[in-house]
Peer 1: 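The structure under discussion is supplied below as structure tokens; questions concerning it will follow.
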Amino acid sequence: MRYAETGYNLEIDLSSGNIEKIETDPAITELHLGGLGTNARILWDRVPPETAPLSPENLLIFGTGLLAGTPAPGANRTIVTTYSPQTLLLAYSMMGGFWAPELKHAGYDKVIFSGRSPELVYLWINNDQVEIRDASHLQGKGVVETEELIKRELEDQDIQIASIGLAGENTVYYASIEHARSSASRAGIGAVMGSKNLKAVAVRGTKDINIAQPKKFIGLCNEVLDYIQWRAENPVKNVPPILAGLGSPQEMAIHDEAWHTTAFSWGNARYRRKGFWTEEVEEEWSNIQDSAVQRLISCYNCPMKCGAIIAYPSLELSKYMMKCYSKLTYVMGAMVDDLDFGFRIAGLAQGYGVDSYTAPQVMAFAIELYENGILTDEDLPDFPPDSEGRFFYLLEKIVHREGIGDVLANGVYWAARQIGKGAEAYDSNTIKKHEQIPIKLSMLNPIFFLLHSTGEKINITQIEGQLPQAPFPEKEDREEFVKDWIQAPSENIKDFFVKWEPRGEYAFPYFPDFQTACELVEWQETMHYIDDSTGICAGLSSFPIKPPYHIHNLPTLISAGSGLEVDKEKLWNKIVKRNRSLLRAINSRRGLRRKDDRPPEDHWKKRFPEHEAKLLDEYYKFKGWNEEGIPTRETLKSLDLDFVGEDLEKRGIYNHGQSEKES
């Protein structure tokens with residue numbers, strides 16, 4: 001009997017229409033857990049590195065985390081994995097809601113799509129009944145309407161659906177996959193879904209999920225719930241309100257947006273408005289938000305309410321879901337002061353299915369090109385004079401791939417190089433061709449330098465966490481903070497935090513030492529990799545400060561749920577390092593090298609090139625990678641990935657940056 005997982009994947013060949021239920025190898029689960037880990041292993045094994053992201057040969061994998069659908073609070077994540085049309089590297093994006101648990105209850109751990117359907121279709125999974133259905137009547141429909149129509153057609157309101165909108169159908173490079181209470185948005189995975197002529201995946205499941213040690217597992221889950229309640233009553237002090245609690249940043253419930261609006265950049269990631277947040281703005285925005293938010297909502301088996309149902313009559317569309325920073329991305333990108341605009345355009349954009357982080361930056365980039373004469377009235381006929389009108393105009397052009405929108409639909413990096421005429425200079429906020437959080441700060445942060453530069457997610461919000469964004473000014477507060485910091489992995493991390501100060505000997509950029517900087521980065525990475533393989537929400541584990549899940553209780557939880565023998569050493573130094581190294585090797589095989597591991601040039605005003613180069617050197621050594629950032633043969637062999645090293649060597653990837661002894 002398999003525990004926590006079902007032991008079966010669905011294989012869907014969209015070209016032939018063939019559907020197969022495949023039993024999986026439990027040894028792969030022991031090596032990689034599930035979710036991202038096993039998704040990556042499938043991509044390595046089955047998709048050659050020369051495969052074009054939008055070709056039929058690319059795979060699109062909907063994977064559930066190992067603990068998804070179990071009683072573990074917040075274990076509800078779907079991990080969607082493929083190759084990105086935007087970065088040309090591995091793409092993975094997580095979505096919460098109810099889709100992954102429903103798939104587990106239907107009897108499957110993953111749905112793996114290959115090929116390309118000759119016509120637009122959707123997949124219908126109803127326990128053991130699986131069929132590919134015509135979706136011609138859904139063509140051009142928004143994601144909310146698509147969900148409503150499928151539920152009506154199948155006569156079941158409990159079906160869970162993941163779908164694409166017009167942006168996905170038209171393979172916009174930053175198209176998202178949307179689900180009722182979440183989305184998998186980053187790196188253009190919705191475009192891959194669209195390239196396969198796959199409109200939606202609908203699932204209904206009523207089967208049980210087996211737990212290895214039910215009594216012990218439930219006891220551990222209750223401890224997590226007790227801690228969540230305690231943290232609700234004891235928010236973290238000395239941090240912004242949206243970071244004081246658990247879950248995703250609570251922007252649907254909290255009105256105070258001083259941190260985002262004054263610390264993050266506006267426009268094309270250019271301008272900070274340090275004096276923007278006033279009492280008058282807070283009152284006005286609070287009234288708008290209270291009018292828009294109908295109710296707060298949770299994902300499957302989670303006590304947190306991080307999202308909200310937005311009801312906006314002026315949109316002339318159904319209610320939609322919003323969470324986190326997406327409330328502000330369009331407002332700040334357009335440089336407008338009206339939160340009402342943010343709610344209006346976010347609803348429209350979500351219906352089309354575009355990434356709410358990338359899309360506003362692409363639009364701001366286009367406006368900046370227009371204002372500097374690189375784009376003209378010929379490129380943008382009837383371009384509105386106001387920022388709000390321009391954003392609505394550009395959104396329509398992009399999702400329809402009409403005129404200049406056909407170029408902008410490829411994202412800032414590719415659009416800048418297609419447009420030419422100096423447009424490359426306005427590509428100010430991409431890493432590895434992917435738009436980043438628009439935050440520009442003063443002093444180099446060595447920890448975030450490594451996180452930004454080397455993360456395979458290519459997205460800081462999915463690799464940072466647990467550490468306050470800035471040091472507490474008073475040492476007494478820092479000492480108080482670490483007293484109940486049970487989540488810290490070592491005393492060295494606690495010592496770092498107590499010493500860390502805004503200025504002086506123990507301030508950035510030369511503090512902490514290289515070893516501690518690498519340890520801090522690896523800790524944050526490790527927690528995310530655990531979440532992405534177990535399906536636990538980052539909002540209860542890897543992202544917030546002092547979360548209920550941490551490196552000291554997760555091994556026991558995984559063991560009790562899955563029956564695998566897992567302790568801290570095995571989880572951190574074998575499973576996570578194996579998955580981390582595999583992802584790096586996948587990207588190395590697709591061309592990723594040291595020159596790509598760099599943040600935007602203006603991410604910090606004060607840069608230290610020699611120190612940054614040394615940081616990369618030391619981090620690579622710490623990870624067991626060579627000077628090009630490629631995992632060495634020795635490292636891969638120690639992680640039971642010798643076959644990966646053999647492949648890299650055969651392809652000549654070790655010709656540069658690795659000693660003969662290592663290869």
Side-chain angles (χ1 to χ4, degrees), residues 4-5 24-47 59 61 63-68 75 77-83 89-94 109-110 187 451 454-459 462-463 465 489 521-536 538 541-542 549 551 554-555 557-559 562 564-590 592 619-620 622-625 629-632 635-645 647-648:
E5 63 176 347
T24 59
D25 184 352
I28 298 298
T29 302
E30 189 163 355
L31 287 169
H32 302 284
L33 296 184
L36 176 62
T38 45
N39 284 5
R41 178 62 181 265
I42 291 167
L43 276 182
W44 174 274
D45 289 343
R46 295 174 50 181
V47 185
L59 296 181
I61 306 171
T64 64
L66 179 62
L67 298 180
R77 258 40 190 174
T78 306
I79 300 89
V80 188
T81 312
T82 187
Y83 286 121
L89 301 171
L90 178 79
Y92 63 97
S93 192
M94 284 69 69
D109 299 311
K110 300 183 191 298
L451 288 168
T454 65
E456 308 309 316
K457 183 69 166 68
I458 320 176
N459 178 15
Q462 294 294 332
I463 204 66
V521 170
E522 184 170 76
W523 171 42
Q524 294 177 73
E525 286 182 334
T526 294
M527 297 311 302
H528 278 280
Y529 273 79
I530 294 170
D531 291 347
D532 297 347
S533 293
T534 60
I536 291 173
S541 181
S542 52
Y549 291 113
I551 193 58
L554 278 165
L557 185 80
I558 293 168
S559 296
S562 67
L564 299 173
E565 293 183 7
V566 179
D567 57 19
K568 178 182 173 182
E569 171 67 19
K570 182 176 181 180
L571 181 59
W572 186 312
N573 289 317
K574 285 294 184 181
I575 298 173
V576 169
K577 286 190 176 181
R578 182 180 298 121
N579 289 345
R580 176 72 175 98
S581 296
L582 178 59
L583 263 69
R584 188 67 178 192
I586 288 171
N587 281 336
S588 297
R589 197 166 68 159
R590 287 185 69 89
L592 181 70
Y619 178 76
Y620 287 172
F622 184 86
K623 301 299 288 186
W625 302 349
I630 304 167
T632 66
T635 296
L636 293 168
K637 186 175 182 179
S638 72
L639 297 170
D640 305 302
L641 295 173
D642 198 34
F643 64 95
V644 173
D647 184 87
L648 296 179

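Just so it is clear, the values below take in all heavy atoms, side chains as well, and ignore hydrogens, waters and symmetry mates.
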Peer 1: Is there a side-chain contact between L636 and D642, using heavy atoms and a 4.5 Å cut-off?
Peer 2: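 No. Closest side-chain heavy atoms not under 4.5 Å.
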
Peer 1: Which heavy atom of N587 sits nearest a heavy atom of E456, and at what distance?
Peer 2: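 In this case the closest contact between N587 and E456 is ND2-OE1, 2.7 Å.
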
Peer 1: Name the residue from E522, H528, E525 that meets the side chain to side chain donor-acceptor pair (under 3.5 Å) definition with R580.
Peer 2: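 Exactly one option meets the side chain to side chain donor-acceptor pair (under 3.5 Å) with R580, and it is E525.
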
Peer 1: Tell me if a side-chain donor or acceptor on T534 pairs with a main-chain N or O of G65 at a distance below 3.5 Å.
Peer 2: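 No; judged by distance alone, with no hydrogens or angles, the pair does not exist.
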
Peer 1: Testing the basics here: between Y83 and I586, what is the closest heavy-atom pair and its distance to 0.1 Å?
Peer 2: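 Closest heavy-atom pair between Y83 and I586: OH-CG2, 3.4 Å.
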
Peer 1: How about K110 and T38: does a side-chain donor come under 3.5 Å of a side-chain acceptor?
Peer 2: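 Per modelled atom types, K110 and T38 side chains form a pair under 3.5 Å.
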
Peer 1: For a quick test of reading the model, state the closest non-hydrogen atom pair linking W625 to P631 and the distance between them.
Peer 2: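 Looking at all heavy atoms of both residues, the shortest contact is CD1-CA, 3.5 Å.
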
Peer 1: Do I61 and T82 come within less than 4.5 Å of each other through their side chains, counting heavy atoms only?
Peer 2: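 Counting from C-beta outward, I61 and T82 never come under 4.5 Å.
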
Peer 1: Is there a salt bridge (charged side-chain N to carboxylate O under 4.0 Å, His left out) between D532 and R77? Walk through the geometry before answering.
Peer 2: CA-CA 8 Å; D532 297 347; R77 258 40 190 174; over 6 Å; no

Peer 1: Under a 4.5 Å cut-off applied to non-hydrogen side-chain atoms, are V47 and I42 in contact?
Peer 2: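 Side-chain contact under 4.5 Å: no.
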
Peer 1: Would the distance check show the side chain of K577 and the main-chain N or O of W572 forming a donor-acceptor pair, the cut-off being under 3.5 Å?
Peer 2: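 Not at all, since once roles are kept as given, no pair shorter than 3.5 Å links the two residues.
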
Peer 1: So, does N39 use its side chain to make a donor-acceptor pair with the main chain of I79 at under 3.5 Å?
Peer 2: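 Looks like yes, one N/O pair under 3.5 Å.
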
Peer 1: Quick one: side chain to side chain contact (heavy atoms under 4.5 Å, CB included) partners of T635, sequence neighbours excluded?
Peer 2: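 Checked T635 against side chain to side chain contact (heavy atoms under 4.5 Å, CB included); matches are S581, T632, L639.
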
Peer 1: Between R590 (side chain) and L90 (backbone), is there a donor-acceptor pair under 3.5 Å?
Peer 2: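 No: the side chain of R590 does not pair with the backbone of L90.
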
Peer 1: Return the minimal non-hydrogen interatomic distance between L66 and S562, and the atom names on each side.
Peer 2: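 Minimum heavy-atom contact is CD2-CB, 4.0 Å.
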
Peer 1: Is there side-chain contact between M94 and T78, with at least one heavy-atom pair below 4.5 Å?
Peer 2: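 Result no, sub-4.5 Å side-chain heavy-atom pair not found.
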
Peer 1: So I630 and L592, side chain to side chain contact (heavy atoms under 4.5 Å, CB included) or not? Walk me through it.
Peer 2: CA-CA 9 Å; I630 304 167; L592 181 70; over 6 Å; no

Peer 1: Distance from R584 atom CZ to N579 atom CG, nearest 0.5 Å?
Peer 2: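 Nearest 0.5 Å value for the CZ-CG distance: 15.5 Å.
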
Peer 1: With a sphere of 6.0 Å drawn around NZ of K637, does it hold more than 12 non-hydrogen atoms of other residues, nucleotides or ligands?
Peer 2: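 Open: at most 12 neighbouring heavy atoms sit under 6.0 Å from NZ of K637.
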
Peer 1: Angle between ring planes, F643 versus W44, binned at 30° and 60°: parallel, tilted or perpendicular?
Peer 2: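 F643 and W44: perpendicular rings.
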
Peer 1: Counting C-beta onward and ignoring hydrogens, is there a side-chain heavy-atom pair between Y549 and L554 closer than 4.5 Å?
Peer 2: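 Yes. Closest side-chain heavy atoms under 4.5 Å.
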
Peer 1: Working note: I28 + D25, criterion side chain to side chain contact (heavy atoms under 4.5 Å, CB included); need CA distance, chi angles, decisive distance, verdict.
Peer 2: CA-CA 6 Å; I28 298 298; D25 184 352; 3.9 Å; yes

Peer 1: Mind checking the CD1-CG spacing from I558 to L571? Nearest 0.5 Å is all I need.
Peer 2: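 I558 CD1 to L571 CG: 4.5 Å, rounded to 0.5 Å.
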
Peer 1: May I ask you to decide if V566's main-chain N or O and S559's side chain share a donor-acceptor pair within less than 3.5 Å?
Peer 2: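 Looks like yes, one N/O pair under 3.5 Å.
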
Peer 1: D640 vs R578, test: salt bridge (charged side-chain N to carboxylate O under 4.0 Å, His left out). Steps then yes/no.
Peer 2: CA-CA 8 Å; D640 305 302; R578 182 180 298 121; 3.0 Å; yes

Peer 1: Locate the shortest heavy-atom distance separating A538 from D531; write the atom from each residue and the value.
Peer 2: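 What the structure gives for the nearest pair is CA-OD2, 3.6 Å.
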
Peer 1: Please report the C-alpha distance between E30 and K574 in whole Å, then the side-chain angles of each, then the deciding distance to 0.1 Å, and finally whether the side chain to side chain contact (heavy atoms under 4.5 Å, CB included) criterion is met.
Peer 2: CA-CA 10 Å; E30 189 163 355; K574 285 294 184 181; over 6 Å; no

Peer 1: Does either side chain, that of Q524 or that of S542, offer a donor lying less than 3.5 Å from an acceptor on the other one?
Peer 2: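 Per modelled atom types, Q524 and S542 side chains form no pair under 3.5 Å.
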
Peer 1: Between K457 (side chain) and Y92 (backbone), is there a donor-acceptor pair under 3.5 Å?
Peer 2: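 Yes, K457 side chain to Y92 backbone: donor-acceptor pair under 3.5 Å.
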
Peer 1: Working to the nearest 0.5 angstrom, can you tell me the gap between D647 CG and L641 CG?
Peer 2: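 Spacing of CG (D647) from CG (L641) equals 12.0 Å.
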
Peer 1: Do I536 and I530 come within less than 4.5 Å of each other through their side chains, counting heavy atoms only?
Peer 2: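 Result no, sub-4.5 Å side-chain heavy-atom pair not found.
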
Peer 1: For L31 and I575, work out which heavy atoms get closest and say how close.
Peer 2: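 What the structure gives for the nearest pair is O-CG2, 3.8 Å.
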
